[in-house]
> 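Got a structure for you, questions after.
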Amino acid sequence: MKQIIAEILMPLALDKPYSYVVPAHISLAEGDVVLAPLGVRETFGVVWRLFEGDPAKLKPISKRVDAPNFSENLRKFLDWIAWYTLAPRGSCLALALRPPELDRVDNIRLGVRLAGPPPARMTAARQRVLEAAEGGMLHTKRALADMAAVSTSVIDGLIDEGTLETLAMAPPPIADEPKPDFAVPELSPEQKKAADYLRAEVTKAKASVTLLEGVTGSGKTEVYFEAVAEAIARGKQTLILLPEIALTAQFLDRFSRRFGVRPSTWHSGVGGRKRERLYAATASGEARVIAGARSALFLPFKELGLIVVDEEHEAAYKQEDGVHYHARDMAVVRGRIEQCPVILASATPSIETRVNAERGRYGRVHLPERFGGRILPKITPIDLRKNQPLAGRWLSEPLLNAIRETVAAGEQALLFLNRRGYAPLTLCRSCGHRYECPNCSTWLVEHKYRRALVCHHCGHVERRPDNCIECGTVDSLTSCGPGVERIAEEVAEIFPDVRRIVLSSDMPGGTERMRQELEAVAAGEFPIVIGTQLVAKGHNFPGMTLVGVIDADVGLTSGDPRASERTFQLLQQVTGRAGRGERAGRALVQTYQPEHPVISALISGDADRFYREESRVREYAVLPPFGRLAALIVTAREREAAEAHARLLARSSQPPAGVMVLGPAEAPLFQLRGRYRYRLLVKTERAVQIQAYLREWIERTEKPKGNVRVTIDIDPQSFF
DNA sequence: AGCACGCCGACT
DNA sequence: GTCGGCGTGCTC
């Protein structure tokens, strides 16, 4: 006998849905959430497919759950992610499925309002309560008491008298309606042009990707807010993705100044009841604009009209455990599936996004200047070969002079060095022993004030010994190279009377202390600030007229294929901090290699050229005769296997020029039934050829059971 | 993800 | 002799 069979996908590490029979009394649609027996327990799952067939000995579904339906688009999106990342489909479902609480108790809040005649005994306190309750509005007890400046017992008394009554309050609206015309800003001609372009994309309601590029202060946010306004006006929902740290009160305030209300926010910190209601409000369409971290990508939007990915180059968009994905790429894909435009906003776009824009795959709008007349700082290199600081010193004469001038003028100088601690290396003068981490074989970083040697990789800490642990020589340890603490020490020697502060992520006292210190810096309390990359982002320091980069070469030598790109972005951000009001600041960049592409691009301000060069270099790196093969691995424990595999490759009949084994961060190479999958970074005409070669090679040497898929790509859209 | 089964080390 | 560690494998 034929019956209705449902294929249910469970939010577990299972790639395939399981089949159940649908009992006659349950009516189901594809995308519905159900409860079904699995092993000895019951599990939530989503109906992935319904069909008629022979129930054989299938177990029946337990019940249909009252939860938002997974639209066809959402299911398609999750299937796509599973395919692209090679993660089990169930794991991808787990990103989107909130286990519904079956027996949820609506914790109804009680409200009070005016109901009867005034009390027989009137007092001053009671009078104030009655005035506050004027109009018959429903208030919570607490709110009414606060308004009348009385304690809640006065209100209790009035309830007993029958003057006030209590009744259940509707839960507060989870999502206020943003008003697209609340405060329409005045835009510069360039901003207007960009905003018009983006508005037009929203109006078309078709899949598109646009890179919105503009330096800090150029008004990117105001511009994309216009696109958001257009989406709101058209009754569509908007998703604004932000790196988790950027979800600050500052952003929310900015939004509410433009739209009159704060957007709904979604991030890992939103929990419990609120999370559940926001989820439902997204599905019903009640939530018009969601600002969220990467997990917001998986919300069940009803009618998505626009996705904005702010700071698209941020590494925080990479999900590194469980399902590996890059939220920016997934946003592009979701836009494609939902047929809505995607805006990628950044002052320093990632290479792949730039390349996609340059090749015409993505549209591009550019905001060339700072809004409000702010001028970009003048950036000057200091060639350390010609201006060598004294031994054990790190500040060159030109930089010292600039600091002197700045301090004398009552302005602020920022000395930037992206290295925490006192010295990156400690060694013994007598035997040459280097102090390395027992777990990571990286150098231990000296932290002088903590009298410790710390591994910045794994967190390992040990006491800094007085005598060498290797040869026992007394007082023989020497600190090599500078960290911010050491720069602070030098500053203290040269400018003993000037207040200074070190800002780095290991500041004791937690976020509260950090917030206070940042405010003090912004208020101009410290003429000299020494900081790590922490100072490059977010916080604005209005009195900063000088930025000194202590060592621009830090980070250029690491084996990371993104080293150049990251360094360029970081230096561009940090030098951009210089300037006050309409006055341009200056940035002095100490370097041993002023002709290095990163440094010269930074100094000339020619970002375009840098990115063009860099993408060419990268393309070369993966091109034949199979240039470098990027073997990308998933987990640390698979690294060894991948490296062994890479060595094998190197000995093959057509060896690659080199093999890069990257961490899981860049793009996923996942284990496929015990085999590895490779992904190259750049798509070219040779891609198909390389792909075929690799497939053949892998089959010859590895004899994998499943299909070997080799994907070569930088634009996720090209995978459709 | 749970929860079974299962195979080796320290205990009442 | 059992209790219990977590490695491996399965769940329609």
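Within every chain, numbering begins at 1; the chains are lettered A, B, ... in the order of the sequence lines, protein sequences first and strands thereafter.
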> Would you please name every residue forming a ring-ring contact (aromatic ring centres under 6.0 Å, His included) with A:F70, sequence neighbours left out?
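Per chain and number, A:F70 pairs via ring-ring contact (aromatic ring centres under 6.0 Å, His included) with no residue.
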> Show me the protein contacts with nucleotides 8-12 of chain C, counting only N or O atoms at under 3.5 Å.
unit_1, atom_1, unit_2, atom_2, d
C:dT11, O3', A:G39, N, 3.0
C:dC12, OP1, A:P37, O, 3.3
C:dC12, OP1, A:G39, N, 3.4
C:dC12, OP2, A:K59, NZ, 2.6
C:dC12, O3', A:S19, O, 3.1
C:dC12, O3', A:K59, N, 3.2
C:dC12, O2, A:S19, N, 2.6

> Excluding sequence neighbours, so at least two apart, what forms ring-ring contact (aromatic ring centres under 6.0 Å, His included) with A:Y18?
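By the ring-ring contact (aromatic ring centres under 6.0 Å, His included) rule, A:Y18 matches no residue at all.
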> Once side chain to side chain donor-acceptor pair (under 3.5 Å) is applied, do any residues pair with A:R49, and if so which ones, sequence neighbours excluded?
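For A:R49, the residues satisfying side chain to side chain donor-acceptor pair (under 3.5 Å) (neighbours in sequence not counted) are A:E7.
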> Give a yes or no on whether a salt bridge exists between A:D176 and A:R262, defined as a side-chain N under 4.0 angstrom from a carboxylate O.
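Answer for the salt bridge query: no.
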> Can you list every salt bridge (Lys or Arg N to Asp or Glu O under 4.0 Å) pair that touches residues 16-39 of chain A, not counting sequence neighbours?
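Sorted result for residues 16-39 of chain A: A:E30-A:R75, A:D32-A:R64.
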> Kindly assign one of parallel, tilted or perpendicular to the pair A:W266 and A:Y279, based on the angle between their ring planes and the thresholds 30° and 60°.
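The arrangement is tilted - the two ring planes meet at 30° to 60°.
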> Can you give the first and last nucleotides of DNA chain B, 5' to 3', that have an atom under 4.0 Å from a heavy atom of chain A?
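Listed 5' to 3', the contact boundaries are B:dA1 to B:dC3.
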> Sub-3.5 Å donor-acceptor pair from the side chain of A:E312 to the main-chain atoms of A:S346, do we have one?
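Judged by distance alone, no pair lies under 3.5 Å.
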